Amino acid sequence: MRPAELPARLRELEQAGLARRRRRVEGPQGPLVRVDGADCVAFCSNDYLGLASHPALAEAARRALAEYGVGAGASGHICGHTRLHEELEQRLARLVRLPRALHFSTGYMANLGVLPALAGAGDVIFSDRLNHASLIDGARLSRADVVVYPHRDVEVLDHLMQQHAGRARLVATDAVFSMDGDLAPLPDLLALCERHDAWLVVDDAHGFGVLGESGAGSLAHWRLSSERIVYMGTLGKAAGVFGAFVAGGADAVEWLLQRARTYMFTTATPPMLAAALLAALDLIEAGSWRRERLAFLTGRLSEGLSGLPWRHLASPTPIQPLIIGENSAAMSLMRSLREDGIWVPAIRPPTVAPGTARLRITLSAAHREQDVDRLLDCLRLHAGDEPAAARTA
Ligand SMILES: *Cc1c(COP(=O)(O)O)cnc(C)c1O
C-alpha cells in the first residue's frame with residue numbers, strides 16, 4: 001500500500017462494517033464494569049474465574065512490587081529471570097503434569113516462538129482451519145510448508161499427513177476454539193501424531209484454569225500425557241493476570257529456551273506479575289467451586305440461548321457464541337443490548353468466517369444468576385425486532 005492510498009483503505013473498512021472501535025473502561029474488570037461513563041453488565045471478558053480483580057492477586061503483586069520494583073530489566077537470558085519467574089515455571093509444570101515449563105510474555109509471543117523453533121524450511125505444519133491468529137502467524141514465520149486442514153477433521157488430517165510422509169511434521173491446534181468454544185479432538189490428534197511421529201502443539205488459552213481437575217486444562221480434561229505434546233497455556237485469561245507458558249518434555253523445553261526467539265529477544269515480564277500468578281495458581285488449584293459455579297451458569301445460559309431464533313453453538317466452556325449472520329445485524333444487536341446496559345462483543349470477519357458474525361458471550365464465575373437471566377430476557381425481546389431475513393435459524 002502506498003501512503004496516499006491509506007484514506008481510501010480506511011473508508012473501505014468503515015463501509016464494510018469492519019472498522020473497530022474501542023470502549024474506555026474505568027476501574028477493575030468484573031461482571032459489572034464502568035464503561036464510557038455508564039455501568040453495565042459485561043459478557044466479554046476471558047477472565048473466566050473472576051480472578052483479574054481478586055484482592056489476593058493484587059496483594060501478592062504489591063508485596064513483590066515492594067521487594068523487586070517494577071521492571072525486569074532485561075530478557076530472561078540476561079538478568080530478567082527472577083526467583084519468582086523460576087517458581088512460577090515449576091508450579092505451572094507441576095499443575096499441567098509435564099516435566100518442564102517456560103514462561104513467555106504473552107500467548108501470542110509463545111506461539112510465534114514455538115512453531116519456528118520446532119519446524120523450519122522443508123518441514124510441514126498442519127493447522128486447523130479455525131486456529132487462533134497467533135498459531136497462523138507462528139506457522140508463517142517458521143517457513144515450513146503450512147497445510148490447513150478442515151476444522152476438527154481427523155480423517156482428512158490423517159490423509160494429509162500420509163501425503164507428506166518422510167518429512168518432519170507438526171500438528172498445531174487450539175484446544176478450545178476461541179470464537180466457537182468447541183473442543184479439538186485431542187486424543188485422536190495425539191494418536192495420529194504418534195502414528196506419524198509428529199509433534200502436537202496444543203494452544204490451551206481457553207482451557208487452562210477452566211477445564212480438567214484442579215483447572216489443569218485440556219490435557220487433564222482428556223487425561224492425556226505425552227512428550228510429543230508441546231502445551232501452551234495463557235495466563236491473561238482464566239488466570240486473571242498476563243503472560244503465557246509452554247510446557248513439555250525436558251528436552252523440548254530446553255530447546256525452546258535455547259531457540260525460541262520470542263523468549264530470547266524480549267524483556268522478561270515484571271516480577272510482580274509472576275507473584276500475582278503464583279497467587280492465582282493457589283486459587284485455581286484450590287477453587288473447584290469457581291469451576292462448578294461457571295459450569296452451572298454456563299448450563300443456565302446455554303439452555304436459554306437454545307430457545308432463541310439464532311444459531312447457538314453449544315459448548316461445555318464459558319464461550320457461548322450466538323451466530324447472527326451479517327455484520328450489520330450483529331452490530332445492531334450489540335448496540336441494542338448496550339442500550340439495555342449489557343455489553344456483549346460482536347465478532348466479525350476476519351476474526352470469523354464471512355456471514356457468521358456473532359455475539360461472543362463469555363461467562364465468569366463472578367456473574368450472578370440474575371445477570372444471565374437479564375441477558376436472556378433482553379435477547380428474547382430483541383429477537384422480536386430482528387427482521388426474519390437476518391436470522392440464521
Ligand atoms: C488469547 C489467545 C492467545 C493469545 O494469548 P495472549 O496471552 O493474550 O497473547 C493465543 N491463542 C488463543 C487461542 C487465544 O485465545
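Atoms within each ligand, like the ligands themselves, are counted from 1 in listed order. If you're wondering where the values come from, they're calculated on a predicted model, not measured in any experiment.
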Asker: Atoms of ligand 1 less than 4.0 Å from His206 heavy atoms?
Answerer: 14 (C), 15 (O)
Asker: Nearest to atom 6 (P) of ligand 1, what protein heavy atom do you find, and at what distance?
Answerer: Gly107 N, 3.3 Å
Asker: With heavy atoms of Ser134 as the reference, note each atom of ligand 1 found under 4.0 Å away.
Answerer: 10 (C), 11 (N)
Asker: Between Thr106 and ligand 1, which residue portion shows a heavy-atom distance shorter than 4.0 Å: side chain, backbone, both, or neither?
Answerer: both
Asker: I want to check a possible cation-pi pair here: Arg169 against Trp199, using under 6.0 Å from ring centre and within 45° of the ring axis as the test.
Answerer: no
Asker: Flag the pair Arg62 and Glu59 as a salt bridge only when some basic side-chain nitrogen lies within less than 4.0 angstrom of an acidic carboxylate oxygen.
Answerer: yes
Asker: If hydrophobic clusters are built by linking Ile, Leu, Val, Met, Phe, Trp and Tyr wherever their side-chain heavy atoms come under 4.5 Å apart, do Leu170 and Met232 end up in the same one?
Answerer: yes
Asker: Centres of the Tyr263 and His77 rings: under 6.0 Å?
Answerer: yes
Asker: Could you list the atoms of ligand 1 found under 4.0 angstrom from a heavy atom of Asp203?
Answerer: 10 (C), 11 (N), 12 (C), 13 (C)
Asker: Salt-bridged, Glu5 to Arg2, with N to O below 4.0 Å?
Answerer: yes
Asker: Show your reasoning for whether side-chain hydrogen bond (donor to acceptor under 3.5 Å, both in side chains) applies to His206 and Ser218.
Answerer: CA-CA 9 Å; His206 300 277; Ser218 292; over 6 Å; no
Asker: Pull out every atom of ligand 1 sitting under 4.0 Å from any heavy atom of Ser178, numbered as shown with elements.
Answerer: 15 (O)
Asker: Which residue supplies the protein heavy atom nearest to atom 4 (C) of ligand 1, what is that atom called, and how far is it?
Answerer: Tyr108 N, 3.6 Å
Asker: Within the structure, does Lys237 bring an N/O atom to less than 3.5 angstrom of an N/O atom in ligand 1?
Answerer: yes
Asker: Can you name the atoms of ligand 1, numbered from 1 with element, that are less than 4.0 Å from a heavy atom of Ala205?
Answerer: 2 (C), 11 (N), 12 (C), 13 (C), 14 (C), 15 (O)
Asker: Surrounding CG of Asp36 (heavy atoms of other residues, nucleotides or ligands, distance under 6.0 Å), is the total greater than 12?
Answerer: yes
